[in-house]
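Taking it in order: structure first as structure tokens, then the write-up.
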Amino acid sequence: MKPAIILYKTLPDDLRQRLDEHFSVTEINGLTPENVEKYADAFQQAEGLLGTGGKVDATLLAAAPKLRAASTVSVGYDNFDVEALNQRGVVLMHTPTVLTETVADTMMALVLASARRVVELAELVKAGGWTGSIGPDLFATDVHHKKMGILGMGRIGMALAQRAHFGFGMDILYHARKPHPEVDSRYNARYTDLEALLRESDFVCISLPLTEQTHHLIGREQLTMMKKSAILINAGRGPVVDEPALIEALKQGEIYAAGLDVFEKEPLPASSGLLALPNVVALPHVGSATHETRYGMARDAVDNLIAALSGKVEKNCVNPQVLK
Ligand SMILES: NC(=O)c1ccc[n+]([C@@H]2O[C@H](COP(=O)([O-])OP(=O)(O)OC[C@H]3O[C@@H](n4cnc5c(N)ncnc54)[C@H](O)[C@@H]3O)[C@@H](O)[C@H]2O)c1
Ligand SMILES: O=C(O)[C@H](O)CO
């Protein structure tokens, strides 16, 4: 008999077919508490989960006593209680690598859009506001040869450093849990503590995961350390930045601008103070959202679940210790 799984994300037809070949699939519209209750029988039988978004914690695990593996269509897994999964021996699989270059492209797009005022100026043209030569009040700020500070020098941080250093001649500083000598030599980069990075950088770019240690890592105090001309880019997770403190810093001119793909609450409410600020470029969490990359993530997530439920995990496992 095929193992039963819960699918909580719509997949392209060919991938759905591949999943059906291996599993008995119950598809639900999101991993919400309401759906866990509505499909209680399916959760009782489920050995696997595949999807994105929604909380997987002790409560959900209690509703799924046969669960052996969870496969998220994302690299970030802050919505999973990994400790609870470990205690139950549930394998957690994710999709690193396949999305790295696309997310680094998005971060570079945010750097360029916020420094060169791309969105604001394009809106001005569309609104018929281009009635004469653009004057200094609408001039932008350069990107090339400036200093980029990268917070979180992992896969995405390195791909961003590659673009900034080789493409834009930028100086690279970074803060991570430890120095990375290969990064220093490849991108002529310099490891610093957080405060030095904030004080020196023209662009502070966040590609950190959300953890207890990174929650509100950037708050009021850190924002005041940044240059008044500096731009904050966040494509890690929203709660790494204290959003009310960021709004205040942008309003008070303590920093120049922000380019954001992630927010404390998503979707970003229309009432958010960020949306009233011309010096904010806000994207709807689309770091990896190209056709090619989203397909690759879904494909990897399917392969990951097949590997995990057949005991053949070789890569993409968050908690390999439970395999032993
Ligand atoms: N906006 C998007 O659509 C999007 C897409 C993909 C990933 N992300 C986010 O980007 C994150 C990073 O992805 P990745 O593939 O580069 O992961 P990664 O694990 O390769 O890199 C994360 C880096 O952050 C460092 N780090 C962790 N905690 C730290 C701390 N307290 N202080 C300093 N450094 C710390 C780690 O050492 C690691 O080098 C993901 O966890 C996810 O939250 C967002
Ligand atoms: O972590 C990730 O992969 C992205 O944020 C998409 O959810």
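As the structure lists them, so they are numbered: ligands from 1, and atoms in each ligand from 1.
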Any salt bridge between [X] and [Y], counting N to O under 4.0 Å?
{"X": "Arg163", "Y": "Glu101", "value": "yes"}
{"X": "Lys38", "Y": "Glu34", "value": "no"}
{"X": "Lys2", "Y": "Asp20", "value": "no"}

For [X], is at least one N or O under 3.5 Å away from an N or O on ligand 2?
{"X": "Arg237", "answer": "yes"}
{"X": "His285", "answer": "yes"}
{"X": "Met297", "answer": "no"}

Inset, instruction - Heavy atoms only: give me the nearest Ala298-Leu11 pair and the separation to one decimal. - result: CB-CD2, 4.0 Å
Inset, instruction - Quick one: closest heavy-atom pair of Met153 and Ile150, and the distance? - result: CE-CD1, 4.0 Å
Inset, instruction - May I ask whether Ala176 has any heavy atom positioned less than 4.0 angstrom from an atom of ligand 1? - result: yes
Legend entry - Non-hydrogen atom of Val75 closer than 4.0 Å to ligand 1: yes
I need the atoms of ligand 1 closer than 4.0 Å to a non-hydrogen atom of [X], numbered in the order shown.
{"X": "Asp261", "answer": "1 (N), 2 (C), 3 (O)"}
{"X": "Val262", "answer": "1 (N)"}
{"X": "Met153", "answer": "39 (O)"}
{"X": "Ser288", "answer": "3 (O)"}
{"X": "His285", "answer": "1 (N), 2 (C), 3 (O)"}

Suppose we measure from [atom] to each protein heavy atom; which comes out shortest, and what is that distance?
{"atom": "atom 36 (C) of ligand 1", "answer": "Arg177 NH2, 3.3 Å"}
{"atom": "atom 35 (C) of ligand 1", "answer": "Leu208 CD2, 3.3 Å"}
{"atom": "atom 9 (C) of ligand 1", "answer": "Gly236 O, 3.4 Å"}
{"atom": "atom 5 (C) of ligand 1", "answer": "Val103 CG2, 3.4 Å"}
{"atom": "atom 8 (N) of ligand 1", "answer": "Ala235 O, 3.6 Å"}
{"atom": "atom 19 (O) of ligand 1", "answer": "Arg155 NH2, 3.5 Å"}
{"atom": "atom 3 (O) of ligand 2", "answer": "Val75 N, 2.8 Å"}
{"atom": "atom 12 (C) of ligand 1", "answer": "Ser207 O, 3.4 Å"}
{"atom": "atom 10 (O) of ligand 1", "answer": "Ile156 CD1, 3.8 Å"}

Checking side-chain polar atoms at under 3.5 Å, does [X] have a donor or acceptor matched by the opposite partner on [Y]?
{"X": "His216", "Y": "Glu264", "result": "yes"}
{"X": "Asp14", "Y": "Tyr295", "result": "yes"}
{"X": "Thr97", "Y": "Lys315", "result": "no"}

Inset, instruction - Answer yes or no: is there a side-chain heavy-atom contact under 4.5 Å between Arg237 and Pro209? - result: no
Inset, instruction - Determine whether Phe23 and Ile306 make a side-chain contact, defined as any pair of heavy atoms from C-beta on separated by less than 4.5 Å. - result: yes
Inset, instruction - Indicate the ring-plane relationship of Tyr187 and His165, choosing parallel, tilted or perpendicular according to the 30° and 60° boundaries. - result: perpendicular
Looking only at heavy atoms, is any part of [X] under 4.0 Å from ligand 1, and if so is it the side chain, the backbone, or both, or is it neither?
{"X": "Leu217", "value": "neither"}
{"X": "Pro209", "value": "both"}
{"X": "Thr214", "value": "side chain"}

Legend entry - Test applied, side-chain contact (heavy atoms from CB on, under 4.5 Å); reference residue, Ile255; option that passes from Leu198, Val204, Ile231, Leu246: Leu246
Inset, instruction - Rounded to the nearest 0.5 Å, what's the gap from CZ on Phe80 to CG on Leu60? Could you check? - result: 9.0 Å
Inset, instruction - Take Glu248 and Arg220, measure what salt bridge (charged side-chain N to carboxylate O under 4.0 Å, His left out) needs, and give me the verdict at the end. - result: CA-CA 8 Å; Glu248 206 44 38; Arg220 205 183 132 57; over 6 Å; no
Legend entry - Contact partition for Leu99 relative to ligand 2, non-hydrogen atoms under 4.0 Å: side chain
